[in-house]
2 protein chains.
Amino acid sequence: MSQAAHKHDVFQAIADPTRREVLRLLSQKEMPISKITEHFPMTRTAITKHLHVLAEAKLVSGRKEGREKVYQLHPEPLEEVQQWISFYEKFWNNKLSILKYIVENEDKN
Amino acid sequence: MSQAAHKHDVFQAIADPTRREVLRLLSQKEMPISKITEHFPMTRTAITKHLHVLAEAKLVSGRKEGREKVYQLHPEPLEEVQQWISFYEKFWNNKLSILKYIVENEDKN
DNA sequence: TTGACATGTAACCAAAAGGTGTTATATCAT
DNA sequence: ATGATATAACACCTTTTGGTTACATGTCAA
């Protein structure tokens, strides 16, 4: 897989169903690679590559703990997607976007 | 949470920056292919392919009008992404997700 | 009817994505 | 020290992606 820097943004990271499922798993509990792999019908090597893509998008990070590498979720980058989407929300749900606008401005006081 | 339906789902469709820009353009005004192409440093054929991917995800549709094919936006499928994201919103913004919950339940009355 | 315009599409290409297996290294339990 | 475990780092393969040319078809305007 590519090692070129910032080649994988958050939009690309979440494009793959396996990676979305990894995020869901890590949203419940941090896990070492082998534990994550148990949930998928593919090799640990493949999961490791997906984890690297997610890490490049800063959606996960891993720390070494003994001989394990424990990965944990960092959902913050998803905010960029949420903001991108919010532009289109007005097309299907005016009420919600108006409410969001009110809440966000309320915060600034 | 299995939506591994079509080859090109909405997550894959929005993964590409060019396709996101096409959506933005079409959010302002419907356009024929050649007009869309003017905004990008690539051939019309490439844009046509991107449009096919977006159409497969039901994010755009095209109607023939004379010798032109006019594409227009259909943002509804983005709702799936928005809902997926909303699960993670609680990690960075509790207030908003609580409000959304209230609004959504209000709708069901 | 002729020519310019707008599109469809096939053939091709390079690079990236998504997977495999192998090997090497570090760590933990005996 | 030995052996099982957990991961990293490769090399390799196949399919998909994102782009190109080239050409065919259909439509509008003189």
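Computation of the quantities below employed the complete heavy-atom set of this structure, encompassing side-chain atoms and omitting hydrogens, waters and symmetry-equivalent molecules. Throughout, a chain's letter reflects where its sequence line sits, starting with A, and its residues are numbered from 1.
With sequence neighbours excluded, the residues forming a side-chain contact (heavy atoms from CB on, under 4.5 Å) with His74(B) are Ser61(B), Gln72(B), Glu76(B), listed by chain and number. Under the side-chain contact (heavy atoms from CB on, under 4.5 Å) criterion, Phe87(A) pairs with Lys90(A), Ser27(B), not counting sequence neighbours. With sequence neighbours excluded, the residues satisfying side-chain contact (heavy atoms from CB on, under 4.5 Å) with Ala57(B) are Ala13(B), Leu59(B). Listed by chain and residue number, Val60(B) satisfy the side-chain contact (heavy atoms from CB on, under 4.5 Å) test with Ala55(B) (two or more places apart in sequence, or in another chain).
In this structure, the CD1 atom of Ile47(B) is 16 Å from the P atom of dA6(C), given to the nearest Å.
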Might you list the N or O atoms of the protein lying below 3.5 Å from N or O atoms in nucleotides 4-6 of chain D, with each pair's distance?
{"residue": "dT5(D)", "atom": "O4'", "partner": "Arg67(A)", "partner atom": "NH1", "Å": "3.2"}
{"residue": "dT5(D)", "atom": "O2", "partner": "Arg67(A)", "partner atom": "NH1", "Å": "3.3"}

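Annotation: proximity of residues 17-29 of chain B to DNA chain D (heavy atom, distance under 4.0 Å) is found for Arg19(B), numbered in ascending order.
Residue pairs meeting the salt bridge (Lys or Arg N to Asp or Glu O under 4.0 Å) criterion with at least one member in residues 14-26 of chain B, sequence neighbours excluded: Asp9(A)-Arg20(B), Glu21(B)-Arg24(B). For residues 30-48 of chain B, the pairs satisfying salt bridge (Lys or Arg N to Asp or Glu O under 4.0 Å) are Glu30(B)-Arg63(B), with sequence neighbours left out.
Between Ala46(A) and Gln12(A), the one whose closest nucleotide on DNA chain C sits nearer the 5' end is Gln12(A).
A sub-4.0 Å separation between OP1 or OP2 of dT17(D) and a side-chain N or O of His8(B) is present.
Helix bend of the helix from dT1(C)-dA30(D) to dT30(C)-dA1(D): the angle between its two end axes, each built from five pairs, comes to 30° after rounding to 10°.
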